[in-house]
Number of protein chains: 2
Amino acid sequence: MSKAEIPRKSIYRLSIYQRCLHKLLENEVETVSSEALASAAGVKSTQLRKDLTYFGQFGTRGLGYNVKALSNVLNEVLGTTAYQPVILVGVGNLGAALLRYSGFNKEGFEISAAFDANPVRDRRLNGLKTPVYPVDRMCEFIRSKHVRMAILAVPGNAAQPVVNDMVESGVQAILNFSPTVLQVPEEVTVNSVDLALELENLSYFVR
Amino acid sequence: MSKAEIPRKSIYRLSIYQRCLHKLLENEVETVSSEALASAAGVKSTQLRKDLTYFGQFGTRGLGYNVKALSNVLNEVLGTTAYQPVILVGVGNLGAALLRYSGFNKEGFEISAAFDANPVRDRRLNGLKTPVYPVDRMCEFIRSKHVRMAILAVPGNAAQPVVNDMVESGVQAILNFSPTVLQVPEEVTVNSVDLALELENLSYFVR
DNA sequence: AATTGTGAATTGATTCACAGCT
DNA sequence: AGCTGTGAATCAATTCACAATT
């Protein structure tokens, strides 16, 4: 089955399963049923099984899944085995927090460099090991380090030009925190997280 | 049509349309076609029109939509007309950044209080007007101020107990940044934003 | 002439039901 | 006996196609 036919939501859930498997690994659980894993991930067991079949057969009927083995498979599928350098562009409030945010490291990512229009804007960043460069050095960096993934946290009106440069230089996937709809060629993947929108959206459900 | 039958994705898109309308308002555009508005929002025009029909008829055939009027309708539908106090729980790196993040204010939200297990952990917050209280005062605050919305940014293992307290005290909607699947009663709405997951997920698309 | 509003058709995702292994 | 894997059935969302309206 080709990559294009696999629902993006399934891919997303794989990451959730992966996280649950990590917890099981820590607790030295060896085997897990689709029922148990699915319930930890907050989905139905049939959905978990269907998601996995896009990539092959990994369970043992009557028994369940080997936690270690399945986790390895998911690493392989998700591409988290290969080291991926990631850059961050826009070191404002949010960008700086993302630099400090330990969650990325925990999941095996390290931001290899950050870029900002005004690179010394936040002196507190001196405590961090990630260098902050002026944004006009971004393209050169992307090319020389073969960067394929970027986190974008610039103000809305600055986003599209930066994205154009990124894509031009070889970035293939963007995690976008800027409150804008980005235009990218179809081979580039964008994941947008719009914090204000998420909150605004919630107010609909409060009555 | 009852609220339950309206797809959540449609509700989400309403917020996107709303943001595009704001831009048009700033530029003093009076009328917009579904085609133009949809393209600004990054969706098909039929989808925009279908989304709107869940709530009524707001356009004029042959002409389009009045920007001001439609924006008012969306404010009404999304519940952004009514003031909603929001609290934030967990003032670590991410929580502190969210407190400073101007995006929420821009969309008409103000975080009325923050709570943390260790409320003086970050002295830099002194510059902000939002008070940071010890978390054991959360329930009392929720009740006395009739808080219905909360932003959760505590570590994964601390999340569920905090959520239980929130829900018990009357919170109806939670924007969750903790990397955990939350258990809540069905009348409570949770929007989860898992930053590490979003990044991990992207690596699948990089080859 | 232009553009909305909407049933019908289509496409996509989820769940069911059960055959197939261990 | 227990649990996976999967085609078929169902459910949900999107898009089409065009009648209705200004």
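Reminder, nothing fancy here: chain letters follow the sequence lines and each chain counts from 1. What you are looking at is a predicted structure, and each value in this text was computed from that prediction instead of being measured. Values below: all heavy atoms of this structure, side chains included; hydrogens, waters and symmetry mates excluded.
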Review point. Does the side chain of V171(A) reach to within under 4.5 Å of the side chain of M149(A), using non-hydrogen atoms?
Key: no

Practice item. Can you establish whether the number of heavy atoms outside E28(A) located under 6.0 Å from its atom CD is more than 12? Key: no

Check your understanding: Can you find a side chain N or O atom of S34(B) that sits less than 4.0 Å from OP1 or OP2 on dT4(C)?
Key -> yes

**Study point:** Any Q57(A) side-chain nitrogen or oxygen under 4.0 Å from OP1 or OP2 of dC21(C)
**Key:** no

Review point. How is T46(A) classified with respect to the nucleic acid when contacts are heavy atoms under 4.0 Å: base, sugar-phosphate, or nothing?
Key: base

Check your understanding: Looking at dT14(C), dG5(C), dA8(C), which one has an atom nearest to any side-chain atom of T53(B)?
Key ->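 Of dT14(C), dG5(C), dA8(C), dG5(C) is nearest to the side chain of T53(B).
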
Check your understanding: What nucleotide, of dA13(D), dA8(D), dG5(D), holds the atom closest to the side chain of P7(B)?
Key -> dA13(D)

Gap between atoms [atom1] and [atom2], on [X] and [N] respectively (whole Å):
X	N	atom1	atom2	answer
L48(B)	dC16(D)	CG	P	15 Å
Y54(B)	dG5(C)	OH	C1'	13 Å
Q47(B)	dC16(D)	CD	P	11 Å
F55(B)	dT6(C)	CZ	P	14 Å
K9(A)	dA13(D)	NZ	P	8 Å
I6(A)	dA13(C)	CD1	C1'	14 Å
K50(A)	dA9(D)	NZ	P	13 Å
R49(A)	dG2(D)	CZ	P	15 Å

Review point. For DNA chain C, whose closest nucleotide is more 5', that of D51(A) or that of T60(A)?
Key: D51(A)

Check your understanding: Of R13(A) and S45(B), whose nearest nucleotide on DNA chain C comes first from the 5' end?
Key -> S45(B)

Practice item. Classify the ring geometry between Y133(A) and F141(A) as parallel (under 30°), tilted (30 to 60°) or perpendicular (over 60°). Key: tilted

Point to revise | Option passing side-chain contact (heavy atoms from CB on, under 4.5 Å) with F177(B) (candidates L152(B), V154(B), I151(B), N191(B)) | key: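 Exactly one option meets the side-chain contact (heavy atoms from CB on, under 4.5 Å) with F177(B), and it is I151(B).
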
**Study point:** Row check, Y204(A) ring normal vs R8(B) NZ/CZ: under 6.0 Å, within 45°
**Key:** no

Practice item. Report the residue (R61(B) or E35(A)) whose heavy-atom-nearest nucleotide on DNA chain D is the more 5′ of the two. Key: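 Nearest-nucleotide comparison on DNA chain D picks E35(A).
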
